[in-house]
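A quick write-up on the structure given underneath.
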Amino acid sequence: MRGLILAVITTNKDRIAGGVPIFIESTTEKMQQTAFTLEKILDAMVHEVSDDTLIIVRHK
């Protein structure tokens, strides 16, 4: 199974860099809400990388 990272959502901007859209949120609750919305819009899945970072992945 292959996946494509579509976005990163985090509360810790100092740990993130890269070539995909990055959404920085002020709280964990806002981070989760943004991830849930993007998951639905992009028809993808949310995966937790760490307590403060989520990624949106479309699996092929």
Side-chain angles (χ1 to χ4, degrees):
M1 180 185 299
R2 291 180 39 154
L4 176 65
I5 298 174
L6 302 176
V8 175
I9 306 97
T10 187
T11 58
N12 185 352
K13 66 180 179 180
D14 297 328
R15 293 185 50 196
I16 303 299
V20 299
I22 300 169
F23 296 84
I24 301 166
E25 297 292 358
S26 56
T27 67
T28 301
E29 293 77 19
K30 288 182 180 181
M31 177 182 71
Q32 291 171 347
Q33 183 178 19
T34 299
F36 177 75
T37 301
L38 289 171
E39 176 183 44
K40 300 303 178 200
I41 292 169
L42 299 172
D43 192 27
M45 296 179 68
V46 175
H47 296 279
E48 184 175 15
V49 177
S50 65
D51 289 340
D52 60 6
T53 304
L54 303 172
I55 58 173
I56 307 291
V57 178
R58 179 175 296 141
H59 296 281
K60 297 181 179 188

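A pairwise comparison of heavy atoms in T53 and M31 identifies N-SD, 4.0 Å as the closest pair.
In this structure, R58 contributes its side chain and M45 its backbone to no donor-acceptor pair below 3.5 Å.
Taking Ile, Leu, Val, Met, Phe, Trp and Tyr as members and joining any whose side-chain heavy atoms lie under 4.5 Å apart, directly or through other members, the hydrophobic cluster of V57 also contains I5, V8, I16, V20, I22, I24, V49, I55.
Salt bridge present: D52 and R15 bring a charged side-chain N and a carboxylate O closer than 4.0 Å.
Within the 4.5 Å cutoff, the side chain of H47 has heavy atoms near those of the H59 side chain.
Cluster membership check: L38 shares its hydrophobic cluster with L4, using side-chain heavy-atom separations under 4.5 Å among Ile, Leu, Val, Met, Phe, Trp and Tyr.
In summary, of the residues considered (I9, L54, V46, L6), a side chain to side chain contact (heavy atoms under 4.5 Å, CB included) with E39 occurs for V46 alone. For the side chain to side chain contact (heavy atoms under 4.5 Å, CB included) with E25, the lone residue among K30, Q32, K13, Q33 that qualifies is K30.
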message: Set out, in order, the CA-CA distance, both residues' side-chain angles and the distance that settles side-chain hydrogen bond (donor to acceptor under 3.5 Å, both in side chains) for N12 and T10, then state yes or no.
response: CA-CA 5 Å; N12 185 352; T10 187; 5.9 Å; no
